[in-house]
Amino acid sequence: MASVRVRFAPSPTGFVHIGSLRTALYNYLFARRNNGVFVLRIEDTDRTRYVEGATENLIRVLNWAGLVPDEGPEQEGPYGPYFQSQRTEIYHRYAQELIESGRAYYAFDTPEELESMRSGKLPQSASSTRYNFLIRDSMCNSLSLSHRDVERMLADGMPYVVRLKMPADRIFNVEDIIRGHVEFDSKEIDDQVLIKSDGYPTYHLANVVDDHLMQISHVIRGEEWLSSVPKHLYLYECFSWQAPKMAHLPLIFNPDGTKMSKRDITSLADLPEGKVDPDVESYIRAGFERDAILNAIALLGWNPGDGHEQEVFSVTELIESFGLERVNKSAAIFDLQKLRWLNKEHLGRMDEGDLLERLKPGLAIKGWDRFSDDYYTRVIGLLKSRLSFVNDFFEYGAYFFQDPSEYEEKGLKKRWKAQSANLMLEFCQEIDKLKSFNAGAIEEALRQVAERHDVGGGQIIHPVRLAVSGFSVGPGLFDLLEVLGKERVIKRLKKAVEVIPALLQQ
RNA sequence: GCCCCCAUCGUCUAGGGGUUAGGACACAGGAUUUUCGAUCCUGCAACAGGGGUUCGAAUCCCCUUGGGGGUGCCA
């Protein structure tokens, strides 16, 4: 089997689109699954849209996602440079070859003339509104002009582009891995510009030349490229090169079915109804886990199928089960709810030590960094299944690091009864006597007090939770108390008995 | 306009001639007499429409409708 080499070939526009990340992910997964090579190539041939820092940003996001290329701007590779803007001589060489063999030609038409042609205003252009076989002879190019005129115009430095001379009577057959057989009639295809007047190539020329030179075996990219495949196929043919296999991925949409587009918002909550943010970094900033994001987008258009109903995947598991054959044809809507759920699942499954590492910066900021790793681990054990986001830890678990400063009002009203204070005090006395302050012993003590007063356990459990944590919800009480430790529990219970009745008076 | 792609619960999807059309998110209800945002259980909910082909179509074919992409000296 020929070796697998795939590429992710984004143009640096300033931010990484969620759809681009998925394309990168699928390329990466495919490469890893097939012991192949994952190449990153920067398609920066549009100088008019150059965005400062966009490439650095792109690479940073890819690295964050763990989709680290085997070859690319940051990795040595035998097929560089990996910036198309640094490969212009190469493209010119191949464009020249096409011109010499009569498959491409110089064109001198001005933007204004092209616009007139497209709008059908040019007198001689009634036959077509696109630059193709019907009209090329009446335009200003090396096909319609005399050889001498062309030489002179070139010598005079007249701006020109190089266009591909698309044959009029061909059917191009595409065998797409995802879509199957697709046919295109060359009559529908115009004479694509290959080299722009600024000397840079268009995507079409550059991607064919580079994919060939870089020995790309499979082109995995978005569906928006499907209709330009015949142009690419024709170029491969002109050069007598073998075209790589192709797989065109379905698009990803907003919840309302519209295209995802960048807008200026400061948080995901500010998104207009039915919209979602296309910028990957927004999700990173919002606190989503890398694995959850990757898991979510992997599932947009792909599934393990056939009896496999797994939803939560690590990247390793994705690599093991990924295959292009199971990629869907139809576009998918990006679902924030599912992302949230996946984030929670990933957090819940995370190793406690790993979670602690994620938490450490936040703990430091909060000033809660003077506890032992063992203590943190126990707290994480109690809390991790309840976290939707890492940062929920600091809210849900605050009382493990500092005394509660207030008590949840609704909980107080519901749970704190007239006899609560007395029960608390008696419970204090009981646990004070305990030699081993563990969940089992604590529960036994509490049940005893409840029995003595002929009340249900809940009559003590709920007020204690409130007193000790300030919250009406949380982990199982006895585990919680054990982790907190006798001293702090008693201190907080006593304080609550003093403070709460007054609060309830108000 | 023209070309191309797509079409199963609200969403992501399984299923590719015979299924009570399965799962997941979301939503709703219940359980857990230790709460809940945790956990478990249950429920709600779909084959876009019309023609064929066939003993039998969600599945195959055609048309319509709807959605999307392309039609650039953008990628």
Side-chain angles (χ1 to χ4, degrees), chain A residues 9-13 43-46 48-49 84 107 109-111 114-115 118 129-131 159-163 174 176 178-180 182-185 187-190 192-204 206-207 221-230 248 250-251 253 255 257-259 296 299-312 326 328-342 344 348 382-388 392 396 411 414-415 443 446 456-458 460-462 464-466 469 471-480:
Chain A
S11 71
T13 55
E43 311 240 329
D44 55 352
T45 55
D46 186 350
T48 62
R49 296 187 196 185
Q84 289 188 328
D109 314 271
T110 64
L114 291 174
E115 201 188 326
R118 290 200 181 97
T129 55
R130 58 203 313 171
Y131 213 119
Y160 68 90
V161 300
V162 176
R163 282 183 184 271
V174 182
D176 188 274
I178 294 168
R179 276 147 220 291
V182 186
E183 274 185 18
F184 294 89
D185 189 330
K187 285 187 185 61
E188 304 291 338
I189 303 160
D190 51 3
Q192 183 58 235
V193 170
L194 301 176
I195 301 282
K196 297 180 268 191
S197 56
D198 64 2
Y200 284 90
T202 57
Y203 172 86
H204 306 283
N207 108 88
R221 87 249 271 194
E223 196 198 286
E224 69 269 27
W225 294 111
L226 187 58
S227 27
S228 37
V229 171
H248 287 88
L251 269 17
F253 293 132
T258 57
K259 206 173 165 179
L299 255 19
L300 287 178
W302 171 86
N303 72 84
D306 240 3
H308 297 90
E309 286 176 342
Q310 184 177 356
E311 300 276 343
V312 184
R326 295 214 57 90
N328 260 282
K329 293 185 177 77
S330 48
I333 286 171
F334 185 75
D335 184 10
L336 247 170
Q337 295 289 357
K338 188 121 180 194
L339 208 212
R340 283 180 67 93
W341 174 76
L342 282 168
K344 189 169 184 304
L382 291 183
L383 249 26
K384 74 170 180 175
S385 69
R386 323 178 83 89
L387 308 175
S388 288
D392 289 343
Y396 298 171
K414 188 174 172 193
R415 304 293 192 185
E443 174 160 15
L446 186 141
I460 305 177
I461 288 165
H462 299 302
V464 169
R465 177 191 301 287
L466 244 3
S469 73
F471 290 109
S472 62
V473 302
L477 183 73
F478 305 115
D479 294 322
L480 188 162

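Given the structure is predicted, the values throughout are model-derived calculations rather than measurements. Chain A is the first sequence line, chain B the second, and so forth, proteins listed ahead of strands; every chain is numbered from 1.
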Query raised in the report: Looking at B:rA75, B:rU39, B:rG22, which one has an atom nearest to any side-chain atom of A:E309?
Result: B:rG22

Requested in this report: Could you work out which one of B:rC6, B:rA75, B:rA24 sits closest to the side chain of A:S330?
Outcome: B:rC6

Query raised in the report: Is A:K259 reaching over with its side chain to a backbone N or O of A:L251, donor-acceptor style, under 3.5 angstrom?
Result: no

Requested in this report: Let me know the distance between CZ of A:R415 and P of B:rU33, rounded to the nearest Å.
Outcome: 13 Å

Requested in this report: Under 4.0 Å between any heavy atoms, over every strand shown, what does A:D190 touch: base, sugar-phosphate, or nothing? Just pick one.
Outcome: sugar-phosphate

Query raised in the report: How is A:N207 classified with respect to the nucleic acid when contacts are heavy atoms under 4.0 Å: base, sugar-phosphate, or nothing?
Result: nothing

Query raised in the report: What nucleotide among B:rC6, B:rC74, B:rG68 has an atom nearest to a side-chain atom of A:R179?
Result: B:rC6

Query raised in the report: Mind checking the P distance from B:rC63 to B:rA21? Whole angstroms is fine.
Result: 30 Å

Query raised in the report: What integer number of Å spans the P atoms of B:rC47 and B:rA58?
Result: 10 Å

Query raised in the report: Roughly how far apart, to the nearest Å, are B:rC9 and B:rG23 at atom C1'?
Result: 12 Å

Query raised in the report: Which whole number of Å gives the distance between the P atom of B:rC25 and that of B:rA38?
Result: 11 Å

Query - A:Y131/A:V193 under side-chain contact (heavy atoms from CB on, under 4.5 Å): CA gap, chis, key distance, verdict - result: CA-CA 10 Å; A:Y131 213 119; A:V193 170; over 6 Å; no

Query raised in the report: Which part of the nucleic acid, if any, lies within contact of A:Y396, taking any heavy atom under 4.0 Å across all strands shown: a base, the sugar-phosphate backbone alone, or nothing?
Result: base

Report summary line: When rounded to whole Å, the OH to P distance for the pair A:Y203 and B:rG70 reads 13 Å

Query raised in the report: Could one point to a donor on the side chain of A:S197 or the base of B:rC73 with an acceptor on the other under 3.5 Å away?
Result: yes

Query raised in the report: Who is the Watson-Crick or G-U wobble partner of B:rA7, with both distances under 3.5 Å?
Result: B:rU65

Requested in this report: With heavy atoms under 4.0 Å as the rule, sort A:P230 into base, sugar-phosphate or nothing.
Outcome: nothing

Report summary line: Side-chain contact check for A:K338: nearest option of B:rC74, B:rC25, B:rU13 is B:rC25

Query - A:H462: ring pair (Phe, Tyr, Trp, His ring centres under 6.0 Å) partners, not counting sequence neighbours - result: none

**Report entry** Partner set under ring pair (Phe, Tyr, Trp, His ring centres under 6.0 Å) for A:W341, not counting sequence neighbours
**Finding:** none

Report task. Among B:rU71, B:rA38, B:rC73, find the nucleotide with the atom closest to the side chain of A:V161. Result -> B:rC73

Query raised in the report: Just checking A:V193: base, sugar-phosphate only, or nothing, at a heavy-atom cut-off of under 4.0 Å?
Result: sugar-phosphate

Query raised in the report: Using atom C1' of each nucleotide, how far apart are B:rC6 and B:rA45 to the nearest Å?
Result: 23 Å

Requested in this report: Evaluate the side-chain proximity of A:T45 to A:T202: yes if any heavy-atom separation is below 4.5 Å, no if none is.
Outcome: no

Requested in this report: Please tell me which of the listed nucleotides, B:rC73, B:rG68, B:rC5, lies nearest to the side chain of A:V182?
Outcome: B:rC5

Query raised in the report: Atom CD of A:E223 and atom P of B:rG69: how far apart are they, to the nearest Å?
Result: 9 Å

Report task. Give the nucleotide from the list B:rC4, B:rG23, B:rA75 with an atom nearest to the side chain of A:F184. Result -> B:rC4

Query raised in the report: Does a side-chain N or O from A:N303 land closer than 4.0 Å to OP1 or OP2 of B:rU13, or not?
Result: no

Report task. Give A:Q337 one of three labels, base, sugar-phosphate or nothing, depending on what nucleic acid heavy atoms sit under 4.0 Å from its own. Result -> sugar-phosphate

Query - Nearest-nucleotide pick for A:E188, side chain only, options being B:rC12, B:rC2, B:rC74 - result: B:rC2

Query raised in the report: With rounding to whole Å, what would you report as the distance between B:rA46 and B:rU8 at their C1' atoms?
Result: 6 Å

Report summary line: Of the candidates B:rG37, B:rC73, B:rA24, the side chain of A:L114 sits closest to B:rC73

**Report entry** Under 3.5 Å on both distances, the Watson-Crick or G-U partner of B:rU42
**Finding:** B:rA28

Query raised in the report: Rounding to the closest angstrom, what is the interatomic distance between B:rA26 and B:rU35 at atom C1'?
Result: 24 Å

Report task. Round to a whole Å and report the spacing from NE2 of A:H248 to P of B:rG70. Result -> 12 Å

Query raised in the report: NA contact type, A:I333, heavy-atom cut-off 4.0 Å: base, sugar-phosphate, or nothing?
Result: sugar-phosphate

Requested in this report: Mind running side-chain contact (heavy atoms from CB on, under 4.5 Å) on A:H248 and A:V174 for me, showing each step along the way?
Outcome: CA-CA 11 Å; A:H248 287 88; A:V174 182; 5.6 Å; no

Requested in this report: Check every strand shown and say whether A:S228 touches a base, only sugar-phosphate, or nothing at a heavy-atom separation below 4.0 Å.
Outcome: nothing

Requested in this report: Measure the acute angle between the ring planes of A:W225 and A:H204, then classify it against the limits of 30° and 60° as parallel, tilted or perpendicular.
Outcome: perpendicular

**Report entry** Any strand: nucleotide that pairs with B:rG1 via Watson-Crick or wobble, under 3.5 Å
**Finding:** B:rU71

Report task. Scan A:G301 against the nucleic acid and name what it touches under 4.0 Å (heavy atoms): base, sugar-phosphate only, or nothing. Result -> sugar-phosphate

Query raised in the report: For A:E183, which contact category applies under a 4.0 Å heavy-atom criterion: base, sugar-phosphate, or nothing?
Result: sugar-phosphate

Query raised in the report: Using a cut-off of 4.0 Å on non-hydrogen atoms, how would the nucleic acid contact of A:R163 be classed: base, sugar-phosphate, or nothing?
Result: sugar-phosphate

Query - A:H462 side-chain proximity, nearest of B:rU35, B:rU13, B:rG68 - result: B:rU35

Report task. Assign A:K384 to base, sugar-phosphate, or nothing according to its heavy-atom contacts below 4.0 angstrom with the strands shown. Result -> nothing

Query raised in the report: Which part of the nucleic acid does A:S385 contact within heavy-atom distance under 4.0 Å: base, sugar-phosphate only, or nothing?
Result: sugar-phosphate

Report summary line: Between CD of A:E43 and P of B:rC74 the distance, given in whole Å, is 14 Å

Report task. With heavy atoms under 4.0 Å as the rule, sort A:G457 into base, sugar-phosphate or nothing. Result -> sugar-phosphate

Report task. Using whole Å, report how far CZ of A:F471 lies from C1' of B:rU35. Result -> 13 Å

